[in-house]
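Here's the structure we're looking at; comments come further down.
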Amino acid sequence: MNYQVINVKCVIIGAGMAGISASANLLDNDYKDFLVFEALERIGGRICTFNTDRGYLELGAQWIHGQQGNPVYEIAQKNDLVAPGFEKFLQNPVAPKIDEKNLFPPANNQSLLQTFNAKTDCDKTLFLTQSGQKISYKFANSVYDTLTKIILGAELLNIDPKSKIDNRVGDYFYDKFCEIVRNEMRKDLLDHTVQNLNDYDLKRLLNGLFIQRDRRENIRNGCYNIFDVSLKNFSCYKEFPGHSYVELKRGLTPVLDALISKHKNEFYSRLYLRHYLKKIILSPELIDVPDCYNRPSLHSTYAKTAQKAVVIICDASNPEKPRDFVVVCEHILCTMSLGYMKENINIFLEPLSLISEAKRLAISRLGFGCTNKIFLVYEQPFWNEKMNLLNLIWVPEDLNFRLDKLNHRNDTKKIWYEDMVKIEVVNSHPNTLSAWMTGNIEFEQLDEKTIGLRCTENLRRFFNDPSIPEPKFVLRTKWFTNRYSRGTYSHMPIGSKPQDFDEIARPIPGDSNPIVMFAGEATVHDQFSNVNGAYLSGIRESQRILSFSRISPRL
């Protein structure tokens, strides 16, 4: 087959935050001999702001994490994109210290479970059970804050990374919680015998609150289950000082627009949407023993030197007539997600022996979870205007199996809705609720109608109100189904190590000859899982390109 051939110095695969920050930095340094290929019909990758005539919805990344020294926050602030209340440096609201007194159960004459009316209840944050009862806010919030302190305390453990002993964050989380409950409430959560019904019901309630907070931790860590996450490596992530969840006026996509605004025309003239990577072919001369190919290599046909690569790109802008073409270049910057790498590392690059065993193991060891959102848009709100957060507390019926749902030992296809962690009122879009899903990808196969009906059933159950209407519109994400993401962001499971991020970032064939380079949040060992890491990785790799192109980088 004869391919159309394009010659260019550098190819960037992906126009998410890493690809865009790299492109902007190259253009800032007057490096213009590059092209950007994006498989989707839009830029942003896992940043995806959905605009309507009534506001916007964040389908992907939603916040900037940290303020002081955070380059993404500085870009947002400089361009007047930071939401009111976040313009100044803010300390995180929760301190990690475990106090002498943490839990505050109600007095004997006040019930833990209270009747609830959605229209008249004035609490901003609600803790509701599946039986339609409201948990005392003072008690539920004290449990929640205690669990948050335990998690933040775990981040400060600083366990020796050389230690051969590792534990699961979930075990540490639950053991510490049981210890505090035992010390302060004289209740043993590990004793499941029904000696006193009131005592048993309290234990069920405490476990339900733990399960819900545990699931919220799955969201924060980008994992399917916090019981899979490494305690030894839990302190590797270093957040910038300041508020952990900085909100923006119009979502995160305007931050991308601000990044490329200075070189907007030059960037878009180099961007090709709906163009996806099929293969990167390097010279067999780069290895000691050439691979045995099932078909002849295209490298010798199109590249005149071993220092150049052949990239096969599929132009899918016309789905009915996709066509392949060849790009010959000196450098390739791959910014695809870790989920994509896990699925395709043995497919998109040859010779395969150029991919080190260390890189393969690093990709395999690191975790990549999936968090989804379901947006429910109504004609008018059925909730009190003061409410902004609903915590769904699934109280376990049988304490002997209290953690089964976290470990997904049950039929997750049927009970996917129990992984719905919380429901938020969306301030950026009127009459809209956002339900967060974590630890479950089976529901992505369901249609919007089915999801809307199940969400309505859930809301009627938790609010104890059969009159709650169905939403007029349902929008949901499918980040695992998307073959270019296969999830949302990375984490460190048992068996992984901080060096795995560095190994994924290591160029091929090596640091002294970086033909294929890698960027993205999963290539930054202390800023993984977020937009900050993606931005910094794009800058890092574009600086590498500049240094090997005899252009002095403008730092």
Side-chain angles (χ1 to χ4, degrees), residues 61-70 72-73 89-99 102 141-163 165-180 209-246 365-369 371 406 421 438-439 488-502 521-522 524-534 536:
Q62 185 162 329
W63 298 285
I64 296 174
H65 300 286
Q67 296 171 291
Q68 192 174 48
N70 185 337
V72 180
Y73 177 78
F89 180 82
L90 299 169
Q91 291 286 356
N92 283 326
V94 179
K97 183 179 179 182
I98 298 292
D99 306 313
N102 298 281
N141 197 56
S142 73
V143 173
Y144 189 89
D145 281 352
T146 299
L147 293 168
T148 300
K149 291 174 185 177
I150 295 171
I151 281 291
L152 294 176
E155 294 175 355
L156 300 177
L157 288 175
N158 289 320
I159 298 171
D160 184 357
K162 295 180 181 179
S163 172
I165 300 174
D166 198 0
N167 293 299
R168 306 185 301 178
V169 170
D171 288 332
Y172 175 86
F173 197 17
Y174 192 63
D175 290 347
K176 278 287 183 183
F177 181 55
C178 289
E179 179 185 327
I180 291 172
L209 287 163
F210 173 84
I211 290 169
Q212 195 270 348
R213 182 61 183 84
D214 186 283
R215 284 182 172 136
R216 289 194 65 171
E217 201 59 29
N218 292 347
I219 295 175
R220 197 171 74 98
N221 284 275
C223 60
Y224 288 104
N225 188 346
I226 197 67
F227 279 81
D228 298 333
V229 177
S230 162
L231 182 64
K232 181 173 69 175
N233 296 314
F234 203 52
S235 60
C236 290
Y237 175 80
K238 306 297 182 186
E239 191 165 288
F240 289 103
H243 202 284
S244 296
Y245 298 95
V246 175
R365 281 193 294 251
L366 289 177
F368 198 70
T371 296
L406 292 177
V421 178
T438 181
T488 44
Y489 38 97
S490 60
H491 64 275
M492 298 191 70
I494 292 280
S496 64
K497 51 187 179 180
Q499 294 82 0
D500 289 338
F501 296 102
D502 302 326
E521 51 86 14
V524 186
H525 66 261
D526 58 354
Q527 280 290 312
F528 56 93
S529 80
N530 64 38
V531 172
N532 311 332
L536 291 168

Name all residues meeting the side chain to side chain donor-acceptor pair (under 3.5 Å) criterion together with [X]; count only those two or more places apart in sequence or in a different chain, and write none if there are none.
X      : value
Tyr237 : Asn530
Asp228 : none
Glu155 : Arg220
Asp175 : none

Polar side-chain atom of [X] near backbone of [Y] as donor-acceptor pair, under 3.5 Å:
X      : Y      : value
Asn70  : His65  : yes
Asn225 : Phe227 : yes
Glu521 : Asn532 : no
Asp166 : Ser230 : no

Practice task
List the steps and the verdict of side chain to side chain contact (heavy atoms under 4.5 Å, CB included) for Tyr144 and Leu209.
Solution key: CA-CA 7 Å; Tyr144 189 89; Leu209 287 163; over 6 Å; no
Reported [atom1]-to-[atom2] distance for the pair [X] and [Y], which is rounded to 0.5 angstrom:
X      : Y      : atom1 : atom2 : value
Ile226 : Asp171 : CD1   : CG    : 11.0 Å
Leu147 : Gln212 : CG    : CD    : 9.5 Å
Cys236 : Met492 : SG    : CE    : 4.5 Å
Lys149 : Ile180 : NZ    : CD1   : 8.5 Å

Exercise for the section: Could you walk me through whether Phe528 and Leu366 pass the side chain to side chain contact (heavy atoms under 4.5 Å, CB included) test, one step at a time? Expected result: CA-CA 11 Å; Phe528 56 93; Leu366 289 177; over 6 Å; no
Quick one: list whatever passes side chain to side chain contact (heavy atoms under 4.5 Å, CB included) with [X], sequence neighbours left out.
X      : answer
Leu536 : Pro71, Phe240, Gln527
Asp526 : Lys238, Val524
Thr371 : Ile219, Trp436, Thr438, Thr488, Tyr489

Which atom of [X] lies closest to which atom of [Y], heavy atoms considered:
X      : Y      : value
Ser496 : Asn233 : O-ND2, 2.9 Å
Val229 : Phe234 : CG1-CD1, 4.0 Å
Leu231 : Ala154 : CD1-CB, 4.1 Å
Ser490 : Phe501 : OG-CE2, 3.9 Å

Practice task
Kindly assign one of parallel, tilted or perpendicular to the pair Tyr245 and His243, based on the angle between their ring planes and the thresholds 30° and 60°.
Solution key: perpendicular
Below 4.5 Å, heavy atoms only, C-beta onward: do [X] and [Y] meet side chain to side chain?
X      : Y      : result
Phe368 : Cys223 : no
Ser244 : Glu239 : yes
Asn167 : Lys232 : no
Tyr174 : Asp214 : no

Completion exercise
salt bridge (Lys or Arg N to Asp or Glu O under 4.0 Å) pairs touching residues 488-502, sequence neighbours excluded, are Arg365-Asp500
What residues form a ring-ring contact (aromatic ring centres under 6.0 Å, His included) with [X], not counting sequence neighbours?
X      : result
His491 : none
Tyr73  : none
Phe173 : Phe210

